[in-house]
Amino acid sequence: MTDIIILPGIGGSGASHWQTLWQTADARMRRFQPSNWDRPELEDWIAALERDVGRSASPPLLVAHSLACLLVAHWQKVSTLPVAGAFLAAVPDPRSGAFPQEARDFADPPAGQLRMPSLIVASSNDPYGTIGYQRERAQAWGSGLVEIGAAGHINGQSGLGDWPHGRNLLTAFVAGTAASRP
């Protein structure tokens with residue numbers, strides 16, 4: 001059984017967020033724990049992710065939302081720990097005026113291809129990252145891209161509930177990563 005590490009963005013994904021609902025419903029999922037959800041520090045979040053990946057008996061799958069997508073890009077450049085893949089929902093644009101100042105440590109994510117299979121799920125009306133930016137990230141990171149239409153920031157406020165479409169995308173992504181492993 002593959003571990004799945006839930007990586008929320010700022011605020012930690014509240015009770016109505018799909019990440020929380022998925023984690024509650026699936027024993028394979030656990031949430032990484034940085035020191036502070038509201039005042040993110042890149043080094044702290046990298047250390048928290050490193051600890052959690054290191055606890056896994058086999059390479060885990062990362063399920064990131066928003067700021068945690070940038071975390072994955074930074075972390076994978078400094079870590080050698082293996083992961084099965086990264087499911088990245090709502091990649092924010094650090095160049096955007098909407099990007100939170102308290103997250104400025106996460107700006108300038110690495111531009112090169114990620115060292116693991118990855119899928120970006122993008123909304124056409126995300127206030128934190130345009131569809132154009134998410135296409136740029138997919139190309140730069142060598143990620144697959146699924147555009148899901150107008151779904152806001154793909155968060156609790158988007159009214160997605162447990163986001164069955166996202167669950168289906170995750171299931172397909174997991175199957176694809178398993179099929180590509182030797």
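If you chain together hydrophobic residues whose side chains sit under 4.5 Å apart, I154 and L170 fall into the same group.
Close placement of the F32 and W37 rings is indicated, their centers lying within 6.0 Å of each other.
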Please list, one pair per line, the donor and acceptor atoms closer than 3.5 Å that link side chains of residues 110-125 to other protein atoms, with sequence neighbours excluded.
from : atom 1 : to   : atom 2 : distance (Å)
R115 : NE     : Q76  : O      : 2.9
R115 : NE     : S79  : O      : 3.4
R115 : NH1    : L81  : O      : 3.0
R115 : NH2    : S79  : O      : 3.2
R115 : NH2    : L81  : O      : 2.8
S118 : OG     : S143 : OG     : 2.6
S123 : OG     : N125 : N      : 3.3
S123 : OG     : N125 : OD1    : 2.9
S123 : OG     : G149 : O      : 3.3
S123 : OG     : A151 : N      : 2.9
S123 : OG     : G152 : N      : 3.1
S123 : OG     : G152 : O      : 2.9
S124 : OG     : G149 : O      : 3.4
S124 : OG     : A150 : N      : 3.2
N125 : OD1    : A151 : N      : 3.0
N125 : OD1    : G152 : N      : 2.7

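A side-chain donor-acceptor contact under 3.5 Å links T24 to the backbone of T20. A donor-acceptor pair under 3.5 Å is absent between the side-chain atoms of R39 and the main chain of N36, judged by distance alone. At distances below 3.5 Å, at least one donor-acceptor pair connects side-chain atoms of Q19 with backbone N or O atoms of V63. Formation of a donor-acceptor pair under 3.5 Å by the W22 side chain with backbone atoms of M29 is not found in this model.
In this structure, CD1 on I6 lies 7.0 Å from CZ on R31, to the nearest 0.5 angstrom. Rounded to the nearest 0.5 angstrom, D44 CG and Q33 CD are separated by 10.5 Å. Here the CG-CG distance, from L71 to L62, works out to 8.5 Å after rounding to the nearest 0.5 Å.
The residues R30 and D52 are annotated as salt-bridged, a charged nitrogen and a carboxylate oxygen being separated by less than 4.0 angstrom. We find that R55 and E50 are not joined by a salt bridge, their nearest charged nitrogen and carboxylate oxygen being 4.0 Å or further apart. Under a 4.0 Å N-O distance rule, the pair R167/D26 qualifies as a salt bridge.
For P109 against L70, the heavy-atom pair with the smallest separation is CG-CD2, 3.8 Å. Scanning all heavy atoms of the two residues, the minimum distance from L61 to V174 falls at CD2-CG2, 3.4 Å. The shortest heavy-atom contact between P8 and A68 is O-CB, 3.4 Å. Pairing each heavy atom of D3 with each of S56, the nearest pair is OD2-OG, 3.1 Å. The minimum heavy-atom distance linking R135 with L145 is given by the pair CG-CD2, 3.6 Å.
Ring pair F173/F87 is tilted by interplanar angle, where 30° to 60° counts as tilted.
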For this session: Show your reasoning for whether side chain to side chain donor-acceptor pair (under 3.5 Å) applies to H65 and S13.
Result: CA-CA 9 Å; H65 177 259; S13 295; 4.8 Å; no
